[in-house]
Structure formats: C-alpha cells, structure tokens
4 protein chains.
Amino acid sequence: MTTGTDPERSRGRPRSPESHRAILAATREVLDEVGYVRLTVEGVATRAGVGKSTVYRWWPSKSALVLEAVGSALAAPPRPTGDVRADIRAVLANIVEDLRGPLAVTLLALGSDALHDAPAAAEPVDLLQADRGAVQDMIEDAGRRGDLPADVDADLLLDVCVGTLLYRLLCRRPTEDVVDRLVDLVVEGRIPRTGPETEPT
Amino acid sequence: MTTGTDPERSRGRPRSPESHRAILAATREVLDEVGYVRLTVEGVATRAGVGKSTVYRWWPSKSALVLEAVGSALAAPPRPTGDVRADIRAVLANIVEDLRGPLAVTLLALGSDALHDAPAAAEPVDLLQADRGAVQDMIEDAGRRGDLPADVDADLLLDVCVGTLLYRLLCRRPTEDVVDRLVDLVVEGRIPRTGPETEPT
Amino acid sequence: MTTGTDPERSRGRPRSPESHRAILAATREVLDEVGYVRLTVEGVATRAGVGKSTVYRWWPSKSALVLEAVGSALAAPPRPTGDVRADIRAVLANIVEDLRGPLAVTLLALGSDALHDAPAAAEPVDLLQADRGAVQDMIEDAGRRGDLPADVDADLLLDVCVGTLLYRLLCRRPTEDVVDRLVDLVVEGRIPRTGPETEPT
Amino acid sequence: MTTGTDPERSRGRPRSPESHRAILAATREVLDEVGYVRLTVEGVATRAGVGKSTVYRWWPSKSALVLEAVGSALAAPPRPTGDVRADIRAVLANIVEDLRGPLAVTLLALGSDALHDAPAAAEPVDLLQADRGAVQDMIEDAGRRGDLPADVDADLLLDVCVGTLLYRLLCRRPTEDVVDRLVDLVVEGRIPRTGPETEPT
DNA sequence: GTCTAAACGAGACGGTACGTCTCGTCTTACT
DNA sequence: AGTAAGACGAGACGTACCGTCTCGTTTAGAC
C-alpha cells in the first residue's frame, strides 16, 4: 500500500524525520532535567543538533512542542479484557506510569498556561485521556453486564481515579498501593482503610 | 518587668502595611486578569502604586509573591459539627469555592514550577490543605464514633475528594453536584450514578 | 587559491549594518542632549529603533558603547604640510573642534570611570590621540629640519597643547585665540601675553 | 548688641562633629578604593558608622559630598617668596601632590557630571585653583618686577601648567621632571627637550 | 532636674537603570 | 526547498543605588 508521496506535500526538500524525532526526544530530556518553565526552545534545538527555526517551523510555540513531546511518550492504552477490575487497574497503572517523570508537572504547567487561552485550554489535560472514550465504554459495558450499577456515571468514576492519582503525585505522596484501593472504592464501594493491605475478595 | 517592645524588632522605619496589602491585592487582581505566566512583578507594583523594589524587598520572587497572594485569599476552614457528611461537605464546598477564579490554575502553575526546586516543592499544593490536619482528625473521629470504618484511611479519602474536584475544575467539567456524590462515595461507598439525582438516605 | 569567504565567519544571519549605525548615531544624539551620566542604554535603543539586546550583543556595557560612539565622531587627522606651525595649528584646531559638543565631558566621564579598571584604563584618553604617533613624527621631523630644537621632547610638547586645551574647555574658559598662542609658546618660546593679539613674526 | 547664641539656631541637639568628620574621611577612603562612579552614599554611611539620612542632612547629593571631601584634602597653598620660578614650582608641586591618589580622576568625574548642570558646573574644576587668584597676583607681580613680560597672560600661563599636569596624570604618563620643564617653558620660553636633564641657567 | 527640639541610627519607600535572559521572527549561506 | 546558525525587536527578570520618608533614640541647651 503506497501511502507514498502526496504531490502537494512533497515539493522541495521533505521534512527530515530524524530532526523531528531528535527534537521531541531532546524536549523530553530537557523537560526531565529542568522542567517546563526553565525549558528553552533554544536549549532544545541545540541539544537536538537543530536550528531554532526548524523547531518553530513545525511547532508554533514552546507549549505546542512540549504538548506533543509529552503526548508522544504516553503509554499505549491497554486492551479491555472484560474483567472490570482488571481493566480499570490497567488504565490506572498506565496513568501512574505516565505521570512518573516530568509529565505530571508538565501537564499542570501546560494546563495552567493554557487555561488563560480559551482555544488551547482543554488540550493538555485531555492528553491523559486520549483513550477516555474507550475507557468509558468499557465501564458502561461493565454496567450492562451487571459488574457495576447499570446507570454508573463513568465520567465521574474515571475522574475520581485520575484526579486522585494526579493529585497524590503532585503532592509527592506515595501511589504504589493506591491503585488497588481506588479500584476497590469505585468498583465495590469499599471505603479505603489503613492496615495490612486490602485483602482479595 | 515586662519591657514589651522588643528592642531588636523596632529599629528603622517600619514596614508599611498599606503597601503590603496593596501588593497582595494587586497580585490577586492581575492574576485574575491575565493569569500566572503573564503576570509581571512590575505590573503588580504599578497597580499597587508601589516601587518594584518594595515587592522584591518582601518576596524573593514572582512565585513567592503569588503563593502568598493566593494563600491569603483562601476561605477559612469550617468548624466541625460532628456530622461527618456535613463536615466533609463543608470542606469540599470551601475547596470548590477557592478553586473558582484563578486559584486552581495558579496553584497548578506554582506547583509545577516548584516541583523542580526540592525545597519549595510541597508548599503550593499544600495551600489547599492548610487545614488538612484538622480535617483528618475529624475523619478519624468519625471512625471512632462508628460513622466510618474504625481504621479509615483519612489521608487517601481526603485525596480522593480534593483530587477529583481539582481535576474536574482543571478539565472544566461541572462540579456542582459532584460534592454530594463524592461524599456518598467516600462515606457510604455508593458508586456514582447518572440519573435523577442522589436521593437522600 | 583564495577561498575568499572565511567558512568560520559566515554562518547565520549577518550583523545588520543599519542597526549598528543607528545605535552609534543615537548614542551621539543622546550624549549631546543629556550627557554621559544621564544617557540610558534603553533610551539609545529606543531612539535607534532597536532592541536593547542588540546593543548589548555588540557592546558589553554603556561605557564601551559611548567610547566607540565618541571615537567614531572624531575629526580625521590632518595631513602634514611641512610647516611646523601650520601643522600643529591644524592638529590643535582638530582637537578644539572635537571637544566642542559633548565629547570633552564624555571623555572625562569615561576616563574617570575607566581609571579604576586597570584594563580599560588608557583607552578613553587615548582617543584624542589616535594620531598621536603621526603628530610626534611630524614634530620630530621639524626638529631634524631645524624648525625646533633637534632633541625636542615631542611627547611633552604635545601634552602641553592638548592638556591646556582640554583644561580650558573643561573650565569653560574661551579657547578661540589660545591655539595661536600655544603654538607661539611651544614653537617659539614666546610667553603668552594679554594685549592686542599676537603679531605675526 | 550681644550676638551671643542665636535663640533661633540653638534649640535641640547640635550637629555632631565626629559624624561630620567620619563621613568625609569615609568618603575619601571609598573614593580611593572604588572611584567616584562606584562610590555609594550608603557605603560611605556604613563605613562612617552613620545613617544615610545624616549624610543627606548635610550634603544635598553624592556629588556635593564628594566635592567637599576632595576639597578638604587638598594641600594648603604655598606662601609666595618673590622668586617667580620657585613660587610657580611650589604651586605645581602642590597640584601634583593633590592629583596623586584618586583626586584627579574624581575631579574629572565631578567635572563631567557637573557640566550638564549649568549651576554646579564650574565648581569642581575650580577646586584645583582655590588659590588661583593669589597665584595670578604672584605672576603679575613678577611681570611688574620684570621677571616676566609686563603684560604676561597669567591666566593662560597657569592653565598651561595645570592642564599639562592634569592631562599627563590622566594619561598615566610620568610627571616627576615635568614640573621643572614646565617652569622653564612658561618662565623662560625654553622649549622642552629630551636628554640629560634641564641644566641650571 | 525636667522639658524639648533637632540630630541621630536604621532602614523602608517610590523610582529608575542596569545587564541578563528568553521569546518568536527574520535573514543569511549551505546542502 | 529545507536547514543550521544566529541576529533581530520586544519585554520581563532580579539587582543595585538614588534621594526621600518615617520611625524610635539620643543629647545638649532652655527653662
């Protein structure tokens, strides 16, 4: 199947895929090291071995660049198995994984930066939820199957999970066993307790 | 013989309380209007009718200034009544109230900015929880009274509430009836549903 | 084989000659109007229609900028004619001309500023003497020709002339007929007198 | 009529002479160490063990303070002896002595600073010539006695001497034997030569 | 021996300029 | 045509002094 060369797109020298990748990689590294506010486009370009104008040719601003760099590093959404506990667990584990490193912080910076520009507003925070629709379907399926209430509010349920994880990461509180207890809470209504550990049902 | 006035403290011209207040007020206004990243110290100083050096005399940086300005505008913690549902509701209503306006966004910007400085890190996010200790005590009291499990994890329970609200505000999803349903979830284990509205017990 | 273009030098956008010239011109204007101490780099940049960073990209400091601006406005050295009186007269007339306007004052400010930095020290005062070597040669030639003593101290002789003019300008005393009388003094040993005017020999 | 103590003037605490002296001394020290432009009133006050307001109570500005500090350290004018060579020598030696240290540079800074304020303009440069009138009288006396031309231009003659010394000091050229040769030039019309040394007449 | 008013130290104040930094755009020469 | 280099206009950063202004504390002469 030849996706081939779009006659409109392929005039002149084509975009260099190496540069593109190098820029995104450099962005992620710099983000790791100094954070969003101290990241400079010039620094990224230098580290990528690229001219600053090449960055600006493909991304309109620092925030757009960072947004794509962060998005491109997110974990792939898991495939649903039909076991609602396991599926939600997998989604949350993904999020925890994603939010390690600089991503949580960066998302917040992006979000707060964007919230004062009506247009760009929703984008960053939705990154964590590229697969939100799929997850909601999965939850609603569970409702139909009877594993959850039939009219479960998948939207809020998901926000409880994601919000709690994001907030704990932001406050630097531990998140290891929180995933399980969140699942217990939102799937079975089990109020979180301290103590040995949540026992399996 | 009580000297009263501390000889160490009263040398030189005393700090002008009007300037101090005017600066914090101006900071809040500018924050409202243009947001954290577009706020400038010079702009704040001008609006407060104050020299830039007066701002820097008392706050070491833009972020410290904003942090205090935001903190000084938070709602006062409610007094516990003994009814766990009502108490948690009151705390969450306070948070929702605080996060209207620019505070949610600003907290995120501050938080993300700070997370790359080990020392200043925890401050901003803890602002929302100046009264966290009191609320935890309140929850644990409820555990002792039997309104909640005796070994309830007050820490996580609180994070579920705060995190969810913060996240929904950040994503611009509605928060009006979420407070009630969160209380239902964390106090009674009621899984959130769509539908007419949560009926009273 | 002449490569011509130095591969090291010609990377990136070349320096804009208009900006460079505009900055020097603006510096001279501002100097004229408000003097050295009240000259502001930002003011110069604004008048030149240039960003402040462009000024600082090419001159490390206000004093370096002013030094070059002043230097670039000095009169070109006159061509020696062989008549020692006429030649010295021409040199001194040049100096008087240069020191009109803000240059005398500026040189002093620069000089006094610089004298506390060992490295930059000599520069400003030497500005007046970019052509000092040539003038000394001229004087020594006159010595060899017999128009002046054979072992004339050209150095001191020149300092007498320049120093006297600079000092009188600084004290705001008139300098119109001083040039002639200085020449009388240093070429013919005629002690300066008040009175109608120096008669021609 | 008892002038005695003016009832208007002598209420309250009298001016502290120690502070006054300490401020002038500190000014001279700081001037020596860092020069005029880098001298700060606050630094002077601190070194003098004095509040900044005490400085500003008695001197209207940094330049006025420095002017007085510099003036108060000048050498006392010599007494005329009747020997014109010796008298001029003594005056010039005084000037050379005064201009060692930071004074030459400071005078220039003050002068250049002042030249853009019409009122304060002439003061600094005239410092060197507090005794100018006396010296002019002395030169004119020599004219009347026949040691110099009867209509000698004392004004210009003095400027030649002072200007030359000031300029050489500013350029950091040696001044040791220049005094003698200047006297030779302006008293006897002897054009300066290099060589063994000026022989006595 | 008070009384009292000016001078004092300390240092906060409103300003202003500094020199540095980053943004996002523009302009070259090279490939 | 796309790129690396890097100059450009703009404007905020945080620092340093300026000269003014309050404070509370001496301190010496007037009463």
Side-chain angles (χ1 to χ4, degrees), chain A residues 10-16 19 37-43 45-46 48-62, chain B residues 5 7 10-16 18-20 37-43 45-46 48-62, chain C residues 5 7 9-16 18-20 37-43 45-46 48-62, chain D residues 5 7 9-16 19 37-43 45-46 48-62:
Chain A
S10 67
R11 303 294 308 266
R13 180 170 176 177
R15 173 176 185 170
S16 151
S19 291
V37 290
R38 283 192 277 279
L39 171 147
T40 68
V41 175
E42 184 129 28
T46 301
V50 141
K52 194 160 57 138
S53 54
T54 302
V55 178
Y56 278 107
R57 194 185 329 279
W58 301 113
W59 292 273
S61 68
K62 165 176 159 175
Chain B
T5 47
S10 65
R11 306 299 303 268
R13 178 177 177 173
R15 176 174 188 173
S16 154
E18 301 86 47
S19 292
H20 190 231
V37 290
R38 281 193 277 281
L39 172 147
T40 65
V41 174
E42 185 129 28
T46 301
V50 142
K52 192 162 58 139
S53 53
T54 299
V55 178
Y56 279 108
R57 197 187 329 279
W58 300 110
W59 293 275
S61 67
K62 167 176 159 173
Chain C
T5 47
R9 259 199 4 85
S10 67
R11 305 301 302 266
R13 177 178 179 174
R15 176 175 188 173
S16 153
E18 301 87 45
S19 291
H20 191 229
V37 290
R38 282 193 275 282
L39 172 147
T40 294
V41 175
E42 184 128 29
T46 301
V50 142
K52 193 161 57 139
S53 54
T54 301
V55 178
Y56 280 107
R57 183 168 309 110
W58 299 110
W59 293 275
S61 66
K62 165 177 162 174
Chain D
T5 43
R9 265 205 352 91
S10 66
R11 303 296 303 266
R13 179 177 176 175
R15 175 176 186 172
S16 153
S19 291
V37 290
R38 282 192 276 282
L39 171 145
T40 69
V41 175
E42 185 129 29
T46 301
V50 142
K52 194 162 54 141
S53 54
T54 300
V55 177
Y56 280 107
R57 196 184 333 275
W58 302 111
W59 292 274
S61 68
K62 166 176 159 173

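Each chain gets a letter, A, B and so on, in the order the sequences are listed, and its residues count up from 1. This structure is a prediction, so every number in the text was calculated from the model and none was measured. The figures that follow rest on heavy atoms only: side chains count, while hydrogens, waters and symmetry mates do not.
Computed from coordinates, the Arg15(D) CZ to dG9(E) C1' distance equals 17 Å when rounded to whole Å. Taking atom CH2 of residue Trp59(C) and atom P of nucleotide dT20(E), one finds them 15 Å apart after rounding to whole Å. At whole-Å resolution of the value, CZ in Arg38(A) and P in dC23(E) are 13 Å apart.
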Between the protein and nucleotides 3-5 of chain E, are there any N/O to N/O pairs under 3.5 Å, and if so, what are the atom names and distances?
none

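Legend: residues meeting side-chain contact (heavy atoms from CB on, under 4.5 Å) with Arg13(B), ordered by chain and number and at least two apart, are absent. Residues passing the side-chain contact (heavy atoms from CB on, under 4.5 Å) test with Thr46(A), sequence neighbours excluded: Glu42(A). The side chain to side chain donor-acceptor pair (under 3.5 Å) check on Arg57(B) picks up nothing, with sequence neighbours excluded. For Ser19(D), the side chain to side chain donor-acceptor pair (under 3.5 Å) partners two or more places apart in sequence, or in a different chain, are Ser16(D). In terms of the side chain to side chain donor-acceptor pair (under 3.5 Å) criterion, Ser53(C) has no residue partners (sequence neighbours excluded).
A heavy-atom distance below 4.0 Å to DNA chain E is reached by these residues of residues 49-58 of chain D, ordered by number: Gly49(D), Val50(D), Gly51(D), Lys52(D), Ser53(D), Thr54(D), Arg57(D), Trp58(D).
Both Pro60(D) and Glu42(C) lie close to DNA chain F; mapped to their nearest nucleotides by heavy-atom distance, the more 5′-ward contact belongs to Glu42(C).
Using a 4.0 Å cut-off, no side-chain N or O of Ser61(D) falls inside it from OP1 or OP2 of dG19(F). Within the structure, every side-chain polar atom (N or O) of Lys62(A) is placed at least 4.0 Å from both OP1 and OP2 of dG24(E).
Of the inter-residue distances, the one linking Trp58(C) atom CH2 with Arg15(C) atom CZ reads 4.5 Å to the nearest 0.5 angstrom.
The minimum heavy-atom distance between Val41(B) and Lys52(B), with the atom names listed, is CG1-CG, 4.1 Å.
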